[in-house]
Trainee: 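The structure's right below; bear with me while I get my questions together.
To find a chain, count down the sequence lines: A is the first, B the second, and so on, and within it residues start at 1. Worth knowing before you read on, the calculation uses all heavy atoms, side chains too, and leaves out hydrogens, waters and symmetry mates.
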Protein chains: 2
Amino acid sequence: MNERSDYINMLESNAVDPTPLREAVLMSIGEDSRPLAAAEIMAAVRSRMSINKVTLYRILDLLVGKGLVKRLSAGDRAYRYGMAKTRHHQAHPHFVCSRCGVMECLEPGLFCIDIRKFQTNSKRIIKYVDVRFEGICESCIKAQK
Amino acid sequence: MNERSDYINMLESNAVDPTPLREAVLMSIGEDSRPLAAAEIMAAVRSRMSINKVTLYRILDLLVGKGLVKRLSAGDRAYRYGMAKTRHHQAHPHFVCSRCGVMECLEPGLFCIDIRKFQTNSKRIIKYVDVRFEGICESCIKAQK
DNA sequence: CAATACTTGCAACTAAGTTGCATATAGGGC
DNA sequence: GCCCTATATGCAACTTAGTTGCAAGTATTG
């Protein structure tokens, strides 16, 4: 999807020192079409270099804090991390397979929710909406045939 | 909301032996307007009787398995448990406060998602849709003033 | 080159939930 | 009533995913 230099750029333009590990973490997330669990990111980074899990979690926290990465909940107990929405990357619903736990992105705009509508008749402040579909993914359907 | 006997009835009509602990767990969930975390259910039950955490989790698994209770994800690492949808209890979106973590139910029908629409242009089997709003709850807004 | 700040690693810890196994407790059959 | 089996509960130890404290390494800056 992107050049290495694009990731370095993203880091720098968010005032994050682009260390090799940070670059590798961001790239692992950015190069995958699906949001990944920390363990998957760890495996991806470790295929190229060595990283400690604490460092990984701290880099993830940093990237989430800087708004580069979005922390998603998959309905199980492990977060998934995906690239945050940018000009080229709209908000979209996600799908989680209840058999294998994989998370996939669905097309944006399949439906849109107007947060302001809720805002008016609510005493709460609403910031995000998260739409998650659950079911069986394509490869699990194939596998059981 | 309900009589004790209603909960016993629910259990029996789902072929679950209505032991005092199961009844207390189901009642704790049913009498609260919000879906509760396991720790909250534990506290509620323990105010009346003694229960071990393993027993609680096993009862929760059983009730979820029998379709009496729904396991919800709040975006943090603890599940919430709420009464499953019945004739009198429609599916509805939830709200989670990102400050205190409380989960609340929103009115059903504020928007409806047609699962079949997704089904047609998807190679996946979709079973549920989960809509979760995130923001600041009323009492946290008051607290900061 | 020393002082300081930032980054990474290691070990130990935490929260939420799970597993294995032992001990109740409840019904059936005789 | 007593034995046998099935189900329910409890206790301890374990697991997973993530966090904290602190030490050591690296970089930057005056």
Side-chain angles (χ1 to χ4, degrees), chain A residues 8 11-12 14-26 28-29 35-46 48-66 68-82 96 98 100-103, chain B residues 7-8 11-12 14-26 28-29 35-46 48-66 68-81 96 98 100-103:
Chain A
I8 296 180
L11 291 167
E12 279 174 342
N14 281 274
V16 177
D17 195 12
T19 67
L21 288 178
R22 286 169 180 175
E23 193 201 317
V25 169
L26 187 60
S28 299
I29 295 169
L36 301 177
E40 295 174 299
I41 299 169
M42 186 101 111
V45 172
R46 283 197 170 154
R48 281 167 289 138
M49 54 186 79
S50 136
I51 189 173
N52 181 277
K53 75 170 179 164
V54 177
T55 306
L56 171 61
Y57 282 116
R58 280 197 282 234
I59 290 175
L60 290 172
D61 281 353
L62 178 69
L63 299 180
V64 169
K66 292 288 182 178
L68 279 164
V69 165
K70 227 176 168 261
R71 201 193 309 265
L72 302 161
S73 92
D76 58 17
R77 296 175 25 73
Y79 295 120
R80 307 299 143 102
Y81 300 86
V96 177
S98 45
C100 70
V102 77
M103 179 180 257
Chain B
Y7 294 108
I8 296 180
L11 291 168
E12 280 174 341
N14 282 274
V16 178
D17 195 11
T19 67
L21 289 179
R22 287 170 179 174
E23 193 201 319
V25 169
L26 187 60
S28 299
I29 296 169
L36 301 176
E40 295 174 300
I41 298 168
M42 187 101 110
V45 172
R46 283 198 171 153
R48 281 167 288 138
M49 53 186 81
S50 138
I51 188 174
N52 181 276
K53 75 171 177 164
V54 177
T55 305
L56 171 62
Y57 283 117
R58 280 198 282 235
I59 291 173
L60 290 172
D61 281 352
L62 179 70
L63 299 180
V64 169
K66 292 288 182 179
L68 279 163
V69 165
K70 229 177 160 262
R71 200 195 310 266
L72 302 161
S73 92
D76 57 18
R77 295 175 27 71
Y79 295 120
R80 307 298 143 102
Y81 300 87
V96 177
S98 44
C100 70
V102 76
M103 180 180 257

Trainee: Does Pro18(A) reach the side chain of Glu12(A), with side-chain heavy atoms less than 4.5 Å apart?
Mentor: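 With C-beta onward as the side chain, the pair touches.
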
Trainee: Reading nucleotides 9-17 of chain C from the 5' end, what letters show protein touch, with B for base, S for backbone sugar-phosphate only, - for no heavy atom under 4.0 Å?
Mentor: BBB----BB

Trainee: Between Leu60(B) (CG) and dT18(C) (C1'), how many Å, whole number?
Mentor: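 To the nearest whole Å, that distance equals 13 Å.
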
Trainee: Would you name the heavy atoms of Ser28(A) and Arg48(A) that are closest together and state the gap between them?
Mentor: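 For Ser28(A) versus Arg48(A), the nearest heavy atoms are OG-NH2, 3.1 Å.
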
Trainee: In Å and rounded to the nearest 0.5 Å, what is the CG to CG distance from Leu63(B) to Leu11(B)?
Mentor: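 If I round to the nearest 0.5 Å, the distance is 6.5 Å.
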
Trainee: Do Asn52(A) side-chain atoms and Val54(A) backbone N/O form a donor-acceptor pair below 3.5 Å?
Mentor: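 Pair found, side chain donor or acceptor close to backbone of Val54(A).
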
Trainee: At under 4.0 Å, does any side-chain N or O of Thr19(A) touch on OP1 or OP2 of dT8(C)?
Mentor: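 Yes, within the criterion.
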
Trainee: Compare every heavy atom of Val96(B) with every heavy atom of Met103(B), then report the nearest pair and how far apart it is.
Mentor: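 It is CE-CG2, 3.8 Å.
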
Trainee: Figure out the CZ/P separation between Arg46(B) and dG10(D), and round it to whole Å.
Mentor: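 Those two atoms, CZ and P, are 9 Å apart.
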
Trainee: Give the rounded distance in Å between these two atoms: CZ of Arg22(B) and C1' of dG10(D).
Mentor: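 It is 14 Å, rounded to the nearest whole Å.
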
Trainee: With the criterion being N/O to N/O and under 3.5 Å, what pairs connect the protein with nucleotides 23-25 of chain C, and how long is each?
Mentor:
none

Trainee: Indicate every side-chain donor-acceptor pair of residues 68-82 of chain A with a distance under 3.5 Å to a residue at least two apart or in another chain.
Mentor:
residue: Arg71(A); atom: NH1; partner: Tyr81(A); partner atom: OH; Å: 3.0
residue: Arg71(A); atom: NH2; partner: Asp61(A); partner atom: OD1; Å: 3.2
residue: Ser73(A); atom: OG; partner: Arg132(B); partner atom: NH2; Å: 3.1
residue: Asp76(A); atom: OD1; partner: Ala78(A); partner atom: N; Å: 3.1
residue: Asp76(A); atom: OD1; partner: Arg80(A); partner atom: NH2; Å: 2.9
residue: Asp76(A); atom: OD2; partner: Arg80(A); partner atom: NH2; Å: 2.3
residue: Arg77(A); atom: NH1; partner: Arg77(B); partner atom: O; Å: 2.5
residue: Arg80(A); atom: NE; partner: Ala78(A); partner atom: O; Å: 3.4
residue: Arg80(A); atom: NH1; partner: Gly101(A); partner atom: O; Å: 2.7

Trainee: Can you name the side-chain hydrogen bond (donor to acceptor under 3.5 Å, both in side chains) partners of Asp17(B), sequence neighbours left out?
Mentor: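 Partners of Asp17(B) under the side-chain hydrogen bond (donor to acceptor under 3.5 Å, both in side chains) test: none.
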
Trainee: Please give, in whole Å, the distance from dA6(D) P to Leu62(B) CG?
Mentor: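 To the nearest whole Å, that distance equals 19 Å.
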
Trainee: For the pair made of CD1 in Ile59(B) and C1' in dG10(D), what is the distance, rounded to whole Å?
Mentor: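 These atoms are roughly 12 Å apart.
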
Trainee: Just distance, no hydrogens or angles: give the donor-acceptor pairs under 3.5 Å from side chains in residues 35-46 of chain B, sequence neighbours left out.
Mentor:
residue: Glu40(B); atom: OE1; partner: Ala37(B); partner atom: N; Å: 2.7
residue: Arg46(B); atom: NE; partner: Ile51(B); partner atom: O; Å: 2.9
residue: Arg46(B); atom: NH2; partner: Ile51(B); partner atom: O; Å: 2.6

Trainee: How long is the straight-line distance from OG1 of Thr55(B) back to CG of Leu21(B), given to the nearest 0.5 Å?
Mentor: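 The distance works out to 6.5 Å.
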
Trainee: dT19(D) P sits how many Å from Asp76(B) CG, rounded?
Mentor: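 Spelled out: CG on Asp76(B) to P on dT19(D) is 12 Å.
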
Trainee: How long is the gap from CG on Leu60(B) to CG on Leu26(B), to the nearest 0.5 Å?
Mentor: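 That separation rounds to 10.0 Å.
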
Trainee: How far does the helix from dC1(C)-dG30(D) to dC30(C)-dG1(D) bend, going by the axes of its first and last five pairs, to the nearest 10°?
Mentor: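 What I find for the helix from dC1(C)-dG30(D) to dC30(C)-dG1(D) is an axis angle of 10°.
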
